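First, the structure itself, so that you have it in front of you.
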2 protein chains.
Amino acid sequence: MNASSADSAPQDSEPHPDGKLTRARMLACALEMVDREGIDKLSMRGLARALGRDPMSLYRHATNKADLLDGVAETVLTELTVDSTDTDWIAQLRAVARQFRRIALTHPHVVPLLVTRPLATPLALRPRGTLRPLEDILALLTQAGFSGADALHIYRALFGFLHGHILNELQEIVEKPEETDDLLRLGLHRLPIHEFPHLRGLASVLAAYDGAAELERGLDILLAGLQSVTTPAI
Amino acid sequence: MNASSADSAPQDSEPHPDGKLTRARMLACALEMVDREGIDKLSMRGLARALGRDPMSLYRHATNKADLLDGVAETVLTELTVDSTDTDWIAQLRAVARQFRRIALTHPHVVPLLVTRPLATPLALRPRGTLRPLEDILALLTQAGFSGADALHIYRALFGFLHGHILNELQEIVEKPEETDDLLRLGLHRLPIHEFPHLRGLASVLAAYDGAAELERGLDILLAGLQSVTTPAI
DNA sequence: GACTGATGTCTACACCGTAGGTCTACGCAT
DNA sequence: ATGCGTAGACCTACGGTGTAGACATCAGTC
């Protein structure tokens with residue numbers, strides 16, 4: 001039956017995994033591929049190949065490639081859970097921040113999606129899972145006595161910082177990990193000494209970057225500031 | 001002569017603007033297109049069409065599409081100037097921050113490039129124009145008496161905040177600007193009331209977002225913190 | 001059985017990035 | 001003048017891409 005047409009062989013990993021193709025399964029596979037090879041290596045055809053399906057079947061579960069990417073971002077962000085009943089809002093925000101960092105480090109290739117996708121879509125049209133953390137944090141903070149405006153403010157401050165931090169941390173790419181000398185390891189020797197004297201001088205400092213510590217320091221400052229400036233009515 | 005082949009007509013805006021095609025001219029045109037239609041509408045072929053050249057000529061001035069995108073990001077970032085001789089480092093950092101915001105708002109479609117491109121490239125391989133602000137700020141701060149490590153720290157804090165802020169501010173997309181009611185203007189009525197009660201309640205606050213003020217407030221806090229925590233030896 | 005809707009498949013189209021080759025024009029040593 | 005090297009522009013062609021549109025299959029309901 002079904003002699004394969006002129007296209008490539010349709011079965012790679014598995015012909016038809018077991019049952020139907022669901023959006024969740026599709027997104028999981030897409031996420032896996034993105035984690036492995038980066039965003040722009042993800043194509044509808046490639047994804048279909050990995051799923052053992054026809055490329056066009058994907059369009060039953062995502063209207064678009066854009067929609068698929070939204071789905072991937074949403075999937076990742078669902079790993080972020082906020083306990084909006086926690087009475088210690090500071091501790092809870094700290095926990096959220098750590099979770100977010102962990103997620104970003106686990107899926108570095110998805111981070112561009114996370115920070116970039118919302119720029120194209122009005123808030124209300126964004127995937128619901130993407131808005132969940134916002135709503136939950138608003139709940140947490142109003143529960144703690146903040147006004148809606150202040151709660152929104154705090155959310156923005158936290159995620160602004162978080163996004164900034166993650167973008168900083170993910171830039172730490174080592175060019176030749178096997179090299180022992182910091183200057184060579186980071187490839188800084190390429191930079192002309194006359195043009196970038198300070199930067200070249202910082203090889204050892206750059207090499208010693210500690211993202212986790214950095215996050216904690218930033219959180220200390222930020223949360224202390226938030227607590228002192230706008231203390232909720234108890 | 002030269003009856004056009006099966007491809008499209010090669011002359012659109014101008015056949016051969018005036019002289020040779022330079023990298024600068026190419027990048028300027030690319031930036032213009034990105035500003036107008038967004039990043040993923042930019043194609044080598046489209047760019048060539050806009051320049052009135054053959055698509056392949058572009059490869060004389062950019063090895064890659066990736067290289068071209070790097071060039072666009074670099075072009076934009078060159079608008080950012082740091083006066084590293086300024087003795088008032090706080091005022092200078094503030095000025096840099098304001099410039100950066102202005103640039104980001106002028107070229108919103110380039111922001112994804114700005115924040116996303118460095119994630120893929122080791123620091124030393126990034127376009128030089130991209131590293132200029134970093135080097136200059138390091139110069140500014142060491143001039144002011146900071147150690148290299150502290151200077152780097154301050155740079156990171158500033159740009160972390162800046163990136164976070166811009167990503168926040170650019171998310172403020174109004175769905176239907178002509179609508180007067182905030183809830184409808186932002187499209188928030190789509191969100192199910194039971195799932196997003198807090199978010200829906202914040203329509204007026206969301207609508208009143210003021211990016212410039214927000215930036216200043218953040219800068220006040222950040223710069224005050226930096227000044228008090230790590231004051232340079234005078 | 002007939003109908004309906006969801007799901008999968010096939011074909012086809014317009015477009016993409018770019019490897020490889022060729023044609024032309026110019027600067028420069030001979 | 002001659003020849004040569006080189007830089008710029010162009011053409012063709014290949015293998016990919018996202019997805020519209022038509023058709024096929026099947027589950028469940030009347």
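If you're wondering where the values come from, they're calculated on a predicted model, not measured in any experiment.
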In whole angstrom, what separates A:Asp67's CG from D:dT19's P?
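Answer to the nearest Å: 10 Å.
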Hey, can you pull the donor-acceptor pairs under 3.5 Å for the side chains in residues 34-43 of chain B, sequence neighbours left out?
{"residue": "B:Asp35", "atom": "OD1", "partner": "B:His107", "partner atom": "ND1", "Å": "3.1"}
{"residue": "B:Asp35", "atom": "OD2", "partner": "B:His107", "partner atom": "ND1", "Å": "2.7"}
{"residue": "B:Ser43", "atom": "OG", "partner": "B:Gly46", "partner atom": "N", "Å": "2.9"}

Test of understanding: with side chain to side chain donor-acceptor pair (under 3.5 Å), list the residues that count as partners of B:Arg102, not counting sequence neighbours.
none
Between NZ of A:Lys65 and P of C:dC15 the distance, given in whole Å, is 18 Å
Please state how far atom CZ in B:Arg25 lies from atom P in D:dG8, giving the value in whole angstrom units.
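Distance check: B:Arg25 CZ to D:dG8 P gives 13 Å.
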From the list C:dT9, D:dA9, C:dT18, which nucleotide is the closest neighbour of the side chain of B:Lys20?
D:dA9
Are any of B:Asn64's side-chain N or O atoms less than 4.0 Å away from OP1 or OP2 of C:dG17?
no
Would you kindly give the CG-to-P distance between A:Leu47 and D:dG16, to the nearest whole Å?
17 Å
Could you state the atom-to-atom distance from CG of A:Leu21 to C1' of C:dT9 in whole Å?
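In whole Å, C:dT9 C1' and A:Leu21 CG are 13 Å from each other.
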Could you tell me how far apart B:Leu51 (CG) and D:dG8 (P) are, to the nearest whole angstrom?
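It works out to 15 Å between those atoms.
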Can you measure A:Asp40 atom CG to D:dG16 atom C1' for me and round it to whole angstrom units?
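Computing the A:Asp40:CG to D:dG16:C1' distance gives 14 Å.
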Among residues at least two apart in sequence or on other chains, which ones pass side chain to side chain donor-acceptor pair (under 3.5 Å) with A:Glu169?
A:Arg101, A:His165
Give a yes/no on whether any side-chain N or O of B:Arg49 is located under 4.0 angstrom from OP1 or OP2 of C:dC16.
yes
Taking A:Thr142 for its side chain and A:Ala139 for its backbone only, find out whether a donor-acceptor pair lies under 3.5 Å.
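Answer holds: yes.
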For DNA chain D, find the residues of residues 54-62 of chain A with a heavy-atom distance under 4.0 Å and give them by number; none if there aren't any.
A:Met56, A:Tyr59
Tell whether A:Arg45 reaches the base of D:dG18 with its side chain through a donor-acceptor pair below 3.5 angstrom.
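In this structure, the two groups form a donor-acceptor pair.
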Given the ring of A:Phe196, does B:Arg132 sit roughly above its face, with NZ or CZ under 6.0 Å from the centre of the six-membered ring and within 45° of the axis?
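Yes, B:Arg132 sits over the ring of A:Phe196.
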If I take atom CE in residue B:Met33 and atom C1' in nucleotide C:dC16, what distance separates them, rounded to the nearest angstrom?
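In whole Å, C:dC16 C1' lies 13 Å from B:Met33 CE.
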What residues form a ring pair (Phe, Tyr, Trp, His ring centres under 6.0 Å) with A:Tyr155, not counting sequence neighbours?
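A:Tyr155 satisfies ring pair (Phe, Tyr, Trp, His ring centres under 6.0 Å) with A:Phe159 once adjacent residues are dropped.
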Just distance, no hydrogens or angles: give the donor-acceptor pairs under 3.5 Å from side chains in residues 177-185 of chain B, sequence neighbours left out.
{"residue": "B:Asp181", "atom": "OD2", "partner": "B:Leu183", "partner atom": "N", "Å": "3.0"}
{"residue": "B:Asp181", "atom": "OD2", "partner": "B:Leu184", "partner atom": "N", "Å": "3.2"}

